[in-house]
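Heads up: the structure comes next, in structure tokens.
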Amino acid sequence: MRNLFLLVFIVGFTTPFAHAYDTGAMTCEDIGQYAANAMSSREKGQSKDEALAAVARQTEWPGELEKSNLDAIVKMLHGRVGDQLADAKAAYAVMKRDCDIGQRHRN
């Protein structure tokens with residue numbers, strides 16, 4: 001658990017999401033769940049290009065802002081951030097926590 005908090009701290013200071021950002025119609029819970037699903041798909045072998053194509057095809061969040069956020073999540077999880085995360089549960093925790101912090105700074 002200590003390692004997860006350390007990872008959240010590191011990720012919070014090294015990712016573009018480490019500031020207040022607009023989530024559109026999505027909640028931080030939605031962002032965390034999407035990150036968990038994206039990480040799970042990565043663990044099953046989905047490539048970054050396949051994941052980005054899935055963002056473009058998804059219909060649950062049709063707004064450009066939401067798609068932009070989902071695109072950013074996929075890019076992070078298929079990059080250094082994803083390489084440092086243990087699993088989908090960790091992806092959920094990190095992305096939801098970062099969103100919660102960003103929303104507090106935004107308000």
Side-chain angles (χ1 to χ4, degrees):
M1 190 65 157
R2 181 173 174 236
N3 289 339
L4 179 60
F5 289 116
L6 180 60
L7 182 61
V8 169
F9 179 79
I10 291 169
V11 170
F13 286 101
T14 60
T15 67
F17 270 66
H19 62 281
Y21 57 94
D22 191 355
T23 60
M26 299 180 82
T27 65
C28 290
E29 175 68 23
D30 295 330
I31 287 175
Q33 287 296 331
Y34 188 84
N37 293 339
M39 188 67 170
S40 179
S41 294
R42 176 190 163 167
E43 291 170 342
K44 293 176 184 171
Q46 185 180 49
S47 72
K48 179 180 176 181
D49 290 338
E50 291 169 333
L52 290 172
V55 168
R57 288 190 311 269
Q58 68 82 30
T59 58
E60 184 175 1
W61 306 107
E64 289 302 314
L65 177 61
E66 291 84 355
K67 284 190 177 187
S68 176
N69 286 338
L70 298 179
D71 188 72
I73 291 168
V74 165
K75 288 177 180 174
M76 282 189 283
L77 294 179
H78 280 271
R80 287 186 305 180
V81 172
D83 293 344
Q84 296 174 4
L85 296 172
D87 56 19
K89 185 176 178 181
Y92 169 85
V94 168
M95 296 306 296
K96 182 177 183 309
R97 173 96 170 124
D98 185 70
C99 179
D100 289 337
I101 291 169
Q103 293 308 300
R104 280 197 300 267
H105 288 277
R106 188 166 184 261
N107 294 327

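Predicted model, so just to flag it, every value in this text is computed and none were measured.
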- Query: How long is the span from the OH atom in Tyr34 to the CD atom in Gln58, to the nearest 0.5 Å?
  - Reply: 6.5 Å
- Minimum heavy-atom distance Leu77-Ala35, with the two atoms named: CD1-O, 3.3 Å
- Query: What distance separates Arg57 CZ from Glu50 CD, expressed to the nearest 0.5 Å?
  - Reply: 9.0 Å
- Message: Nearest 0.5 Å, please: how far is NE2 in His78 from CE in Met39?
- Response: 8.5 Å
- Answer yes if the side chains of Thr27 and Asp30 hold a donor-acceptor pair under 3.5 Å, and no otherwise. yes
- Item | With Ile31, the side chain to side chain contact (heavy atoms under 4.5 Å, CB included) member among Asp100, Ile73, Asp98 | Ile73
- Note on the structure: For Ala88 and Glu43 the tightest heavy-atom approach is N-OE2, 3.5 Å
- Message: Less than 4.5 Å apart, side chain to side chain, heavy atoms only: is that true for Trp61 and Val55?
- Response: no
- Query: Roughly how far, to the nearest 0.5 Å, is CZ of Arg42 from CG of Asp87?
  - Reply: 12.0 Å
- Are Met26 and Tyr92 connected in a single hydrophobic cluster, I mean Ile/Leu/Val/Met/Phe/Trp/Tyr linked by side-chain heavy atoms less than 4.5 Å apart? no
- Message: Set out, in order, the CA-CA distance, both residues' side-chain angles and the distance that settles salt bridge (charged side-chain N to carboxylate O under 4.0 Å, His left out) for Lys67 and Asp71, then state yes or no.
- Response: CA-CA 6 Å; Lys67 284 190 177 187; Asp71 188 72; over 6 Å; no
- Does the side chain of Lys75 reach to within under 4.5 Å of the side chain of Val81, using non-hydrogen atoms? no
- Message: Quick check for you: to the nearest 0.5 Å, what is the distance between Cys28 atom SG and Arg97 atom CZ?
- Response: 11.0 Å
- Using atom types as modelled and distance alone, determine if a side-chain donor or acceptor of Ser41 lies under 3.5 Å from a backbone N or O of Asn37. yes
